[in-house]
Amino acid sequence: MPAWLVNALAFAVGLAGMEAVAWTTHRYLMHGPLWRWHRSHHEPRRGAFEANDLFGLIFAAPPIALFGLAGIVDRPALAWLAGGMTAYGLLYMLVHDGLVHRRFPLPVQARSGYLQRLVRAHHLHHLTRSREGAVSFGFLLAPDPMRLAAGLRAARRR
């Protein structure tokens with residue numbers, strides 16, 4: 001297989017794989033044993049930063065390690081994998097922090113289509129103030145907001 005194809009696949013795996021890692025981490029760790037940090041994200045912010053921002057440092061560690069390892073073992077595909085993971089982090093920051101939560105100015109508005117679906121899904125996630133009963137744990141792949149709202153109503157009836 002040509003090196004360019006291996007590298008492109010590694011980048012794609014890093015990018016797509018991080019959505020699965022983020023969903024699983026958000027659902028089972030952030031809304032589980034690590035709720036103490038994540039809770040700050042479900043409450044009104046009291047400053048520029050919140051405890052939940054520490055997760056960004058944790059998620060940055062694996063690609064940093066992979067970039068270093070790629071140089072040590074001379075495996076460019078590892079650097080491309082780390083690049084895909086880093087690209088996911090950049091997209092997360094732009095979409096989640098910039099577009100959804102408006103933590104910094106972004107010239108884009110989610111008026112329709114895919115971006116609006118992401119914003120609505122994440123806002124539905126924030127309708128719960130506790131670690132239980134939340135919906136929509138992904139960041140770049142958002143389920144249908146109508147289905148999410150129905151899931152929230154069902155959870156509240158229980």
Side-chain angles (χ1 to χ4, degrees), residues 1-43 45 47-110 113-126 128 131-132 134-145 147-148 151:
M1 186 178 308
W4 67 267
L5 184 55
V6 171
N7 294 339
L9 288 172
F11 184 90
V13 166
L15 181 67
M18 282 307 294
E19 178 69 2
V21 168
W23 188 97
T24 304
T25 302
H26 191 189
R27 171 65 182 93
Y28 294 107
L29 294 177
M30 293 178 181
H31 279 258
L34 299 179
W35 175 250
R36 185 174 181 168
W37 280 5
H38 186 60
R39 177 186 319 149
S40 66
H41 187 59
H42 284 261
E43 297 171 346
R45 197 170 331 106
F49 298 100
E50 53 194 41
N52 187 69
D53 293 335
L54 294 170
F55 286 113
L57 298 174
I58 292 170
F59 279 112
I64 290 169
L66 279 174
F67 278 124
L69 182 62
I72 293 169
V73 299
D74 193 28
R75 294 283 187 243
L78 291 178
W80 284 94
L81 177 66
M85 296 166 76
T86 302
Y88 181 88
L90 178 62
L91 289 170
Y92 169 85
M93 182 189 68
L94 290 171
V95 171
H96 180 265
D97 294 333
L99 184 66
V100 175
H101 290 292
R102 296 293 185 192
R103 290 180 73 176
F104 55 85
L106 200 64
V108 176
Q109 295 288 324
Y114 170 74
L115 292 179
Q116 187 177 52
R117 181 179 175 128
L118 284 177
V119 170
R120 285 184 177 167
H122 198 71
H123 285 171
L124 286 167
H125 175 78
H126 278 273
T128 56
R131 63 196 249 177
E132 304 298 327
V135 296
S136 189
F137 295 95
F139 295 111
L140 297 179
L141 298 177
D144 174 27
R147 271 195 15 238
L148 294 173

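Throughout, numbering of the chain's residues begins at 1 and tracks the sequence. Side-chain atoms are counted along with the backbone in the values below, which use heavy atoms only and exclude waters and symmetry mates.
For the pair G138 and W23, the tightest heavy-atom approach, listed with the atom from each and the gap, is N-CD1, 3.2 Å. Here the closest non-hydrogen pair linking A121 and L148 is CB-CD1, 3.5 Å. For the pair L106 and G98, the tightest heavy-atom approach, listed with the atom from each and the gap, is CD2-C, 3.7 Å. Nearest heavy-atom pair, V100 versus H123, reported as atom, atom and distance to 0.1 Å: O-NE2, 3.5 Å. In this structure, A82 and L66 approach most closely via the heavy-atom pair CB-CB, 3.7 Å.
Every residue two or more places apart in sequence or in another chain that forms a side-chain contact (heavy atoms from CB on, under 4.5 Å) with E19 is listed here: Y88, F139, L140, L141. Scanning for side-chain contact (heavy atoms from CB on, under 4.5 Å) contacts around R117 gives A142, D144, P145, with sequence neighbours left out. In this structure, the side-chain contact (heavy atoms from CB on, under 4.5 Å) partners of P62, at least two apart in sequence or on a different chain, are M85. Take P2 and apply the side-chain contact (heavy atoms from CB on, under 4.5 Å) test, not counting sequence neighbours, and it matches W4, L5. Annotation: ring-ring contact (aromatic ring centres under 6.0 Å, His included) contacts of H126 (sequence neighbours excluded): H41, H42, H101, H122.
Residues L9 and M1 meet the side-chain proximity criterion, which asks for heavy atoms closer than 4.5 Å. Looking at heavy atoms from C-beta onward, S136 lies out of side-chain contact with L124 at the 4.5 angstrom threshold. Taking 4.5 Å as the limit, every side-chain heavy atom of Q116 sits out of range of all side-chain heavy atoms of V119.
Although no hydrogens or angles enter the test, the distance criterion places no donor-acceptor pair under 3.5 Å between the side chain of D53 and the main chain of F49. Looking at R131, its side chain does come within 3.5 Å of a backbone N or O of G32 through a donor-acceptor pair. The backbone N or O of F137 sits less than 3.5 Å from a side-chain atom of H26, completing a donor-acceptor pair.
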Take Y92 and D97 through the test side-chain contact (heavy atoms from CB on, under 4.5 Å) and record every step on the way to the result. CA-CA 7 Å; Y92 169 85; D97 294 333; 4.2 Å; yes
Can L94 and L99 be said to form a side-chain contact (heavy atoms from CB on, under 4.5 Å), step by step? CA-CA 6 Å; L94 290 171; L99 184 66; over 6 Å; no
Let's go through T128 and V135 carefully: what are the C-alpha distance in whole Å and the side-chain angles of both, what is the deciding distance for side-chain contact (heavy atoms from CB on, under 4.5 Å) to 0.1 Å, and is it a yes or a no? CA-CA 9 Å; T128 56; V135 296; over 6 Å; no
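Note: W35 and H31 have tilted aromatic rings, judged against thresholds of 30 and 60 degrees for the angle between ring planes.
Rounding to the nearest 0.5 Å places CG of L69 at 11.0 Å from CG of D74. Separating the CE atom in M18 from the CG atom in L91 is a distance of 11.5 Å, to the nearest 0.5 Å. Here the straight-line distance linking atom CG of N52 with atom CE of M30 works out to 6.0 Å at 0.5 Å rounding. If you take CD1 on I64 and OG1 on T86, they are separated by 7.5 Å, rounding to the nearest 0.5 Å.
Residue R147 qualifies as open at atom CZ: its count of foreign heavy atoms under 6.0 Å is 12 or below. For R36, the CZ atom counts as loosely surrounded, since its 6.0 Å shell holds 12 or fewer non-hydrogen atoms of other residues, nucleotides or ligands. Few gaps surround CZ on R103; more than 12 heavy atoms of other groups in view lie less than 6.0 Å from it.
Pairs passing the ring-ring contact (aromatic ring centres under 6.0 Å, His included) check and including a residue from residues 53-81, sequence neighbours excluded, read W37-F55.
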